[in-house]
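Input: a single structure, listed below in structure tokens.
In this chain, residues are counted from 1 in sequence order.
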Amino acid sequence: MEDAEPEVISWDTVASARRLATLVSSGLLDSDPEEAFDRYTRLATSILDVPVSLVSLVTDERQFFKSQIGLEEPWRSCRETPLSHSFCQHVLDGQPLIVTDSRKDERVKGNLAIPELQVAAYAGFPIRGRDGEVYGALCVIDDSPREWSERELSVLADLAEGVSSEIALRERLLDERERKRQLEVTVGRLETIERQMRGQLRVQEETTAMVSHDLRTPLSALLFCAGLLEQDNEPDEHAKIIKRMRIAIEEMDRLVGDLLDVLKLNAGGIGFRVEPVETSRIMERLKSLHQDAAREAGVELAFSGPELLIEVDGKRMVQALSNLVGNAVRATRTGGRVEVSVSEDDAGLHLAVEDTGVGIEPGKLKELFSRFKQGDQPGKAGLGLAIAKGVAEAHGGVLTAESEPGKGSRFEISLPTFSIPRPKEG
């Protein structure tokens, strides 16, 4: 079987498609009658003393009458005919069509407009868009054969030029409206960007203020301890002071690290390395990080749940849970309890931190996970929750919170099923 010859698209086809696209974009097709165009058809019928005058826009299937004077029904109401009834299609080559007796003219004698619209004589001049594309014709029709005089044809040519000027004006107005619309859209987008940037700037300013406040707390402790060291020569006291200084330095380091991690989360640049991790190792790490602080605060720190082998970034998961545990310990009064639990069900893996602390007002829960919100922890920059939320989402999960004022809070990281079968012993 021989290969089919590729279809050759002619220049006439391309030009016709371009003309039609331009006509459609003009907005004139199927539009309501307008006095600006009716004025030309009235002038044509009056000056040339004819019963019918049309502003006809020609597509590849029909002609639409933007203006019409003198048509009978049903053409008057429908304002269009198929091309089988169109003389105006013959002016699309840019030249006028002059017919003195349609029944004898080889170009049109088979046209159905002759018997159905009583077109016996016809004179039509092209009307154009702004870019010179021929849209159709301004034409006059007589129901009897007629010789058109040079003066009549000259008048009709001038009126057609007037219609073309009106169309070009409409197209320029459409362009201006479109440019205005695009400008309004652009301005709206810029205003949105400006609001977002102002919001981000405000958040950054608030964050800077809060972090600065938080950093001053351990700095003040360091200065105080340095002063004690200068005044006190007792070795035992030195050890206590140095311990306090170490705690303050660690707190500062944690704050700086949290701030950097939140900035990375904002930029989508924080890295994750998922690998098999035993939940018992996560729990042991959390215990080593928070047991001393819980003991000093008089808060019981408990851990529960089965030992599972899960696929997570162990370091980041410890970081997220550590922030939750630290918040819980600080929010819990002496004699209270903080429990870290792990569980698994059909919905996936659940890592929860629950306390018997002061709780959170319902109205504040909605904005609790906004970055840099403090919740009910005055003096804290609120970075921990932002990090915990980011870590949960990076693993395909979510961080949720439940709380009741005076009775405590529960924060839970829920992940897809990350538990994997443990290898059998022996």
Side-chain angles (χ1 to χ4, degrees), residues 254 257-291 301-331 337-357 360 365-373 375 377 382-404 408-424:
R254 184 189 67 80
D258 282 354
L259 180 59
L260 291 174
D261 281 344
V262 168
L263 294 175
K264 289 179 181 178
L265 285 168
N266 273 335
I270 196 166
F272 288 87
R273 180 182 177 184
V274 176
E275 57 186 357
V277 179
E278 293 180 342
T279 55
S280 59
R281 291 183 58 189
I282 293 176
M283 297 299 186
E284 289 169 3
R285 181 60 179 153
L286 292 173
K287 183 176 181 180
S288 67
L289 289 171
H290 297 282
Q291 187 64 64
L301 183 59
F303 298 87
S304 65
E307 182 173 334
L308 301 172
L309 188 63
I310 61 177
E311 285 191 341
V312 294
D313 185 315
K315 179 181 178 181
R316 293 297 180 187
M317 193 56 63
V318 168
Q319 181 186 20
L321 291 170
S322 180
N323 285 323
L324 299 179
V325 173
N327 288 345
V329 170
R330 286 190 291 271
R337 188 171 189 268
V338 173
E339 180 178 1
V340 184
S341 63
V342 57
S343 61
E344 188 180 30
D345 57 23
D346 292 340
L349 179 69
H350 307 282
L351 300 163
V353 177
E354 189 168 3
D355 64 63
T356 59
I360 303 168
L365 273 176
K366 295 180 180 179
E367 60 179 26
L368 192 62
F369 297 119
S370 297
R371 287 189 170 99
F372 316 128
K373 291 293 183 181
Q377 295 296 324
L383 302 175
L385 286 179
I387 292 172
K389 180 175 181 290
V391 170
E393 292 174 350
H395 284 81
V398 294
L399 172 62
T400 57
E402 299 175 359
S403 186
E404 187 175 348
S409 305
R410 175 185 174 87
F411 289 82
E412 183 177 291
I413 295 176
S414 298
L415 307 176
T417 304
F418 277 86
S419 176
I420 56 179
R422 294 176 60 83
K424 295 181 179 180

Heavy atoms only: give me the nearest [X]-[Y] pair and the separation to one decimal.
| X | Y | result |
| --- | --- | --- |
| Ser322 | Leu289 | OG-CD1, 3.8 Å |
| Ser403 | Ser409 | OG-OG, 2.7 Å |
| Val312 | Leu415 | CG1-CD1, 4.0 Å |
| Ser414 | Glu412 | OG-OE2, 2.9 Å |
| Met283 | Val340 | SD-CG1, 3.7 Å |
| Arg337 | Ala302 | NH2-CB, 3.3 Å |

Q: Kindly say whether Ser304 contributes a backbone atom to a donor-acceptor pair with the side chain of Ser341 at under 3.5 angstrom?
A: no
**Q.** Sidechain-backbone polar pair: Thr400 side chain, Ile413 backbone, donor-acceptor under 3.5 Å
**A.** no
With heavy-atom distances below 4.5 Å as the criterion, would you say the side chains of [X] and [Y] are in contact?
| X | Y | answer |
| --- | --- | --- |
| Lys287 | Glu284 | no |
| Leu324 | Leu385 | yes |
| Ile282 | Leu351 | no |

Quick one: pull up [atom1] in [X] and [atom2] in [Y] and give me the separation to the nearest 0.5 Å.
| X | Y | atom1 | atom2 | value |
| --- | --- | --- | --- | --- |
| Glu354 | Glu402 | CD | CD | 8.5 Å |
| Phe411 | Ile360 | CZ | CD1 | 4.0 Å |
| Asp313 | Arg273 | CG | CZ | 8.5 Å |
| Lys315 | Glu275 | NZ | CD | 11.5 Å |
| Met317 | Arg281 | CE | CZ | 14.0 Å |
| Arg330 | His290 | CZ | NE2 | 8.5 Å |

Q. How about Gln291: does its CD atom have over 12 heavy atoms from other parts shown lying under 6.0 Å from it?
A.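 Atom CD in Gln291 is crowded, with more than 12 foreign heavy atoms closer than 6.0 Å.
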